[in-house]
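Contents: one structure, followed by commentary.
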Amino acid sequence: MGRYLIRRLLTAIPTLIAISFVIFAILDLAPSDPTGNLPLTIPPEVKQQIRESLGLGQPFHIRYLKWMQQFFITEPLNILEETTGITIGDSESRFRLRSWQTRGPVIDLIVERMPQTLWVVGLAYLVSVIIAIPLGVISAVKQYSWVDQAGTIFSMIGFSVPTFFTGLLAIIIFSVHLGWFPSFYDTTHQVTDWESFVFQIKQIILPVSVLALFQTATLNRFTRSSVLDNLPQDYVRTVRAKGFREYYVILVHVLRNSLIPVVTLVALGIPTIFGGAIITEQIFRINGLGALLIIAIQGSDIPVVQSLTFIFAVLIVLFNLIADVIYGFLDPRIHYN
Amino acid sequence: MTAQSEAMALPVTTRKQRTLWGDVWVQFRKHKLAMFGLVVIVLIVVSVMIGPMIYTRDPEYIDFSVANQAPSLQYPFGTDNLGRDGLSRNLHGGRISIAVGVVAMLISMFVGSLIGALSGYYSKLDGPLMRFTDMMLALPLLPLLLVIILLFRDTLRATFGPETGIFLLIVFVIGILNWMPTARVVRGSVLSVKEKEFIEAAISIGTNENTVLLKHVFPNVLSPIIVAATLSIANAIITESALSFLGLGFPSDVPTWGRLLYDGKDFMTFTPWVVIFPGLFISFTVLGINFMGDGLRDALDPKLRENDAACQSHLKYQ
């Protein structure tokens, strides 16, 4: 297990380097110029100096290596300093990864946006796991019953109707016509007393349910098919033959075995929580990471786009690894070698 | 005696010959949801193809005197804030959305089956190609799609004209970023088919390797490819709509369903029909295709699992 883990970690490194190169190269082809928006009265020499101060004007490979250094050494050191309060080396003169739009460090932008995304998308994910797994188990145990049929149609609708339509529909119905919930998410809202807490719940319901509908659909189908795979197996018949009650057979024996692939799927979906729900954030005007990415793309703020996409990629690789490890941990039949 | 045996042989020879596709159709018809999906898709495709010939109102004609009209007999789908006709915009938009779906599907199927077949059949290529596939799967797709489109939009527009340029770009990018699930499915099937006796037999009579791959292995992995192809049309349509919805797809003078949603979303509080109709079109198309894919999978290969392409790739566009 330990050796497997080390080998997997080592193979993840070239993958990540390749990804970072792809992301850097694609963005580097950008014809946009960060000095393009500056007033025309600035003389060309000064513009050139600004470009150089932003780290442009050097050959491609140097910029790539510098970006790598900023991303892997400078920024982690800064985070370490901020969290522990210890100064390591000459922290003032380090060349930080800065946004071209705000001129502030990219990390600060990300830290600022992270909580909103985690709250909304994370909560939706949690809700969908809590709904999907029991629903999937019931659907499988009572296959072709009305619960199962309803679950099938619900899931099909869930992953066929895109969030940009369910979101708009939810706003039209629940906030325009019925007036139950606000139509957008106010991120500056502070929870101080009971009333503001109720408002917070109200404004979070729409985005969370739109996202959860979508995620529940996939997870529910997956759980159902996994339970269906396990039900006809010999060990289930043995447990039944021993005279255990049905709910014991299902909850203790079948569920434990069928949850193995489900748990890995849940782990694989976690990067999307951090990635933010780009579309849902646009609809409900949540200023999370997804919205940050869109703003950065529209303003061709290359450093922010590069960092965000690369962080998403790192998370995907990391959670793939975690999913594999969990799989091996839960299912001892899998041997790593 | 001879007459009698002829008479006995008669029912056998006149029995209708059964073909693979005939069997698939029999199986497919039993699947109620799949038939529903097929009917929905045929209806949508036919109305989108033929509709604009019968309903000839210009989708771009601006008439402020009839702006923001609710659906009525004269304007079945209402009009938008500039007085453009909703039905005709939806029909024209459907043509583009469906075309994007089909062409992107062809690209991703071509790349996916090529890479899957090569890596399943030639064990030397397996390692590098699958490593490459894994790397592609780890790329955050939606951000990359957005970035690529933003970067290359102007160049392609300048070379191929505004409409063709953006069409080529979107179709190509969606196709090229969506082949990975197909490659994996095809590789898995090729790996299992190539161990079968008939392949051994083909090799033992001296068939050359490329012929074995094309004539013996490939037809046997066609069913997972067809299922993946069906689902990938739906995926491409959703992706295109998502891009248009974020304002990075087609320009506003080219109505696609996603673009209509994007244009309409600021007015949806007063004129909800401008978002409801394109939304319904997208949803029904995708729902129909997904049901059909389900039915095809059951009909072609009941052993295929239901957790593949659709679920995995949909996770990214939330």
Side-chain angles (χ1 to χ4, degrees), chain A residues 11 14-16 18-19 22-23 26-27 29-32 121 124 152-153 156-157 159-166 168-169 171-172 176 183 211 214-215 217-218 221-222 225-226 229 261 265 268-269 271-272 275 277-280 282-283 293-294 297-298 300 305 308-309 312-313 316-317 320, chain B residues 33 37 131-132 134-140 142-144 146-152 154-155 234 237-238 241-242 244-248 257-258 261-262 264-265 268-270 272 275-276 278-280 282-291 294 305-307 310-312 314-318:
Chain A
T11 50
T15 315
L16 283 176
I19 291 174
V22 170
I23 292 173
I26 290 178
L27 282 163
L29 296 170
S32 59
V121 191
T152 307
I153 292 172
M156 272 299 183
I157 292 173
F159 67 67
S160 298
V161 184
T163 46
F164 44 81
F165 185 46
T166 43
L168 295 181
L169 214 56
I171 291 179
I172 291 178
V176 177
S183 67
L211 275 174
F214 175 79
Q215 288 160 337
T218 325
R221 296 309 287 169
F222 197 79
S225 72
S226 170
D229 280 349
L265 187 74
L268 286 177
T272 57
I278 296 179
I279 292 162
T280 317
Q282 286 293 308
I283 297 172
L293 185 73
I294 293 287
I297 286 177
Q298 281 165 350
S300 32
V305 182
L308 276 177
T309 20
F312 297 160
I316 295 173
V317 172
N320 266 317
Chain B
L33 286 178
R131 199 61 49 78
F132 176 60
D134 286 345
M135 192 204 93
M136 291 291 289
L137 277 171
L139 289 173
L142 193 52
L144 267 192
L146 296 173
V147 167
I148 296 175
I149 286 175
L150 191 82
L151 296 186
F152 296 98
D154 298 330
T155 342
I237 290 179
I238 287 204
S241 312
S244 296
F245 186 76
L246 293 171
L248 283 162
W257 289 330
L261 273 180
Y262 175 72
K265 76 176 191 305
M268 67 179 183
T269 28
F270 332 104
V275 297
I276 286 177
L280 284 179
I282 298 175
S283 311
F284 272 104
T285 311
V286 174
L287 194 70
I289 294 176
N290 281 340
F291 281 149
D294 239 30
R305 292 283 302 276
E306 44 175 71
N307 57 351
C311 307
Q312 296 294 339
H314 273 74
L315 268 178
K316 279 146 200 149
Y317 307 112
Q318 27 183 348

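Keep in mind the model is a prediction, meaning the values are calculated, not measured. Numbers restart at 1 for each chain; the letters A, B, ... are given by sequence-line order, proteins then strands.
Using a 4.5 Å cut-off on side-chain heavy atoms (C-beta onward), A/Ile19 and B/Leu139 make contact. With a 4.5 Å cut-off on side-chain heavy atoms, B/Ser283 and A/Thr166 do not count as touching. Contact annotation: the side chain of A/Pro162 never approaches that of B/Val286 to less than 4.5 Å [non-hydrogen atoms, C-beta and beyond]. The shortest distance between side-chain heavy atoms of A/Met156 and B/Leu33 does not fall below 4.5 Å.
Within the 4.5 angstrom heavy-atom criterion, no atom of B/Ile289 approaches chain A. If you measure heavy-atom distances from B/Thr285 to chain A, you find no contacts under 4.5 Å at all. Residue A/Ile283 touches chain B through its side chain alone, counting heavy-atom pairs closer than 4.5 Å. In this structure, chain B has a heavy atom under 4.5 Å from the side chain of A/Ile171, while its backbone stays farther away. With a threshold of 4.5 angstrom between heavy atoms, A/Ile294 approaches chain B through side-chain atoms but not through N, CA, C or O.
Per-residue heavy-atom pair counts under 4.5 Å with chain B were compared for A/Val176, A/Val305, A/Leu293, A/Ile172, and the maximum is reached by A/Ile172. Of the listed residues B/Ile282, B/Leu246, B/Leu261, the one with more heavy-atom pairs under 4.5 angstrom with chain A than any other is B/Leu246. Of the residues considered (B/Ser241, B/Gly247, B/Pro278), B/Ser241 shows the highest number of contacts with chain A, using heavy-atom pairs under 4.5 Å. The choice from A/Val317, A/Leu168, A/Leu169, A/Leu16 that makes the most heavy-atom pairs within less than 4.5 Å of chain B is A/Leu168.
Under the rule for a side-chain hydrogen bond (donor to acceptor under 3.5 Å, both in side chains), the partners of A/Thr152 that lie at least two apart in sequence or sit in another chain are A/Arg221.
Below 30°, between 30° and 60°, or above 60°: for B/Tyr262 and B/Phe245 the angle between ring planes is above 60°, a perpendicular geometry.
When atom types are taken as modelled, the side chain of A/Ser160 and the backbone of A/Ile157 share no donor-acceptor pair closer than 3.5 angstrom.
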